[in-house]
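Labels below follow one simple rule: chain letters A, B, ... track the order of the sequence lines, proteins then strands, and each chain is numbered from 1.
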Amino acid sequence: MVAVEAREVRLRAGIDPESWRAGVVGATLGTLDRRGKYLMAGFGRSTAVLHLGMSGRLALVRPEVPCAAHTHLRLRFEGAIELRLIDPRRFGMAVVVPTERLTDLAPLAALGIDALDGDIEAGLLAAAARSASPIRSVLLDQTVLAGIGNIYANEALARARIHPLRPASSLARARVARLAAAVKAVLHGAIAAGGTTLEDGGFSDAAGNAGNFAVQLAVYGREGLPCERCGSSIRRRVASGRSLFFCPRCQR
DNA sequence: AAGCCAACCTGGACGC
DNA sequence: TGCGTCCAGGTTGGCT
């Protein structure tokens with residue numbers, strides 16, 4: 001790593017330019033890892049932890065490329081390559097911590113089993129059995145499963161044919177097990193399609209490519225459109241301050 | 001003590 | 001054209 005520039009430090013957790021410089025300039029990027037929605041880049045004794053919030057994205061560009069609006073952090077590597085954190089709403093996070101204290105970092109320490117590559121069925125069964133909350137809330141609880149956001153929670157529930165407001169503890173175990181499988185299928189499907197880029201065009205990969213999973217969404221953002229299984233009109237409601245989309249006939 | 005809700009911030013879509 | 005309102009992928013802290 002050759003240089004670090006913080007252009008805007010006021011993110012959810014403020015960027016501390018000095019800890020970035022001290023931690024990564026002159027160090028070599030060794031490992032790349034992910035837990036839930038947190039990205040981790042290991043630089044030996046220091047590790048960078050990133051979260052993209054709702055509107056964040058990374059861009060890998062040559063240093064001379066002009067900065068897009070809301071470019072907050074520039075990480076310049078040898079060989080004229082630069083990684084940029086761009087996040088209009090500034091809900092993201094970009095911190096550097098000593099690697100030995102990485103697991104103590106509060107947001108990471110609280111995470112549950114990784115939804116993508118962990119064995120989630122037992123954890124989801126246990127969490128659902130003990131919670132009277134809507135099953136959608138359990139899916140979004142990062143301390144139960146790490147990595148599921150509102151889009152994929154809605155989609156997994158649609159695939160498993162479970163109503164998002166169904167009290168978690170009222171679901172038969174077999175249905176929760178089916179939900180666990182649906183979570184896996186939705187996440188792997190979304191990754192295979194390159195992610196979900198909605199009409200506002202917020203998400204793109206580091207090369208700037210939009211994802212194609214939006215066309216496969218069964219319910220999210222489809223209020224009033226017909227359910228592809230039964231033709232009923234997809235409904236939208238708000239619960240706990242978040243939109244939920246579901247088919248009123250298929251999902252019970 | 002679990003769970004709801006506002007707050008954080010900006011941009012885009014929409015209605016008038 | 002312009003202004004006001006509403007909405008959005010997430011997380012946290014305060015309140016009940």
Participant: Run the ring pair (Phe, Tyr, Trp, His ring centres under 6.0 Å) test against A:Phe91 and tell me which residues pass, sequence neighbours left out.
Facilitator: none
Participant: With sequence neighbours left out, what residues match A:Asp117 under salt bridge (charged side-chain N to carboxylate O under 4.0 Å, His left out)?
Facilitator: A:Arg34
Participant: How far does the P atom of C:dT5 sit from the matching atom of B:dA7, given to the nearest Å?
Facilitator: 16 Å
Participant: Could you go step by step and tell me if A:Val9 and A:Asp16 meet the side chain to side chain contact (heavy atoms under 4.5 Å, CB included) rule?
Facilitator: CA-CA 7 Å; A:Val9 301; A:Asp16 176 12; over 6 Å; no
Participant: Describe the nucleic acid contact of A:Arg242 in one word from base, sugar-phosphate, nothing, applying a heavy-atom distance below 4.0 Å.
Facilitator: base
Participant: Does either side chain, that of A:Asn150 or that of A:Arg136, offer a donor lying less than 3.5 Å from an acceptor on the other one?
Facilitator: yes
Participant: Counting only non-hydrogen atoms, which of residues 127-153 of chain A are less than 4.0 Å from DNA chain C?
Facilitator: A:Gln142, A:Gly149, A:Asn150, A:Ile151
Participant: Which heavy-atom pair separates A:Arg242 from A:Leu140 by the least distance, and what is that distance?
Facilitator: NH1-CD1, 4.1 Å
Participant: Base, sugar-phosphate alone, or nothing: which one does A:Arg236 contact when heavy atoms must sit under 4.0 Å apart?
Facilitator: sugar-phosphate
Participant: What pairs with A:Glu64 under salt bridge (charged side-chain N to carboxylate O under 4.0 Å, His left out), at least two apart in sequence or on another chain?
Facilitator: A:Arg62
Participant: Are there over 12 heavy-atom neighbours, none belonging to A:Arg175, within less than 6.0 Å of that residue's CZ?
Facilitator: yes
Participant: Identify the 5'-most and 3'-most nucleotides of DNA chain B with at least one atom closer than 4.0 Å to a non-hydrogen atom of chain A.
Facilitator: B:dG3 to B:dG11
Participant: Just by distance, do the side chain of A:Asn154 and the backbone of A:Phe245 share a donor-acceptor pair under 3.5 Å?
Facilitator: yes
Participant: Kindly write out the residues that satisfy salt bridge (charged side-chain N to carboxylate O under 4.0 Å, His left out) with A:Arg84, not counting sequence neighbours, or none if the list is empty.
Facilitator: A:Glu82
Participant: Have A:Ser169 and A:Ser131 got a donor and an acceptor in their side chains that come within less than 3.5 Å?
Facilitator: no
Participant: Sticking with atom P, work out how far C:dC7 lies from B:dC5, rounded to a whole angstrom.
Facilitator: 15 Å
Participant: For DNA chain C, what string of dots and brackets results from 5' to 3' when Watson-Crick and G-U pairs need both distances under 3.5 Å, crossing pairs get [ ], and pairs with another strand get |?
Facilitator: .|||||||.|||||||
Participant: List the residues meeting ring pair (Phe, Tyr, Trp, His ring centres under 6.0 Å) with A:His163, not counting sequence neighbours, and say none if there are none.
Facilitator: A:Phe246
Participant: Distance under 4.0 Å to a non-hydrogen atom of chain A counts as contact; along DNA chain C, which nucleotides mark the start and end?
Facilitator: C:dC7 to C:dT12
Participant: Pull out every residue in residues 83-91 of chain A that has a heavy atom closer than 4.0 Å to any atom of DNA chain B, ordered by number, or say none.
Facilitator: A:Pro88, A:Arg89, A:Arg90, A:Phe91
Participant: With sequence neighbours left out, which residue pairs that include part of residues 23-45 of chain A fulfil the ring-ring contact (aromatic ring centres under 6.0 Å, His included) condition?
Facilitator: A:Tyr38-A:His51
Participant: For A:Arg7, is the CZ atom crowded, meaning more than 12 foreign heavy atoms sit under 6.0 Å from it?
Facilitator: yes
Participant: Holding to ring pair (Phe, Tyr, Trp, His ring centres under 6.0 Å), I want the full list of residues that pass it with A:His72, two or more places apart in sequence or in another chain.
Facilitator: none
Participant: Report yes if some heavy atom in the side chain of A:Leu244 is under 4.5 Å from a heavy atom in the side chain of A:Val238; otherwise report no.
Facilitator: no
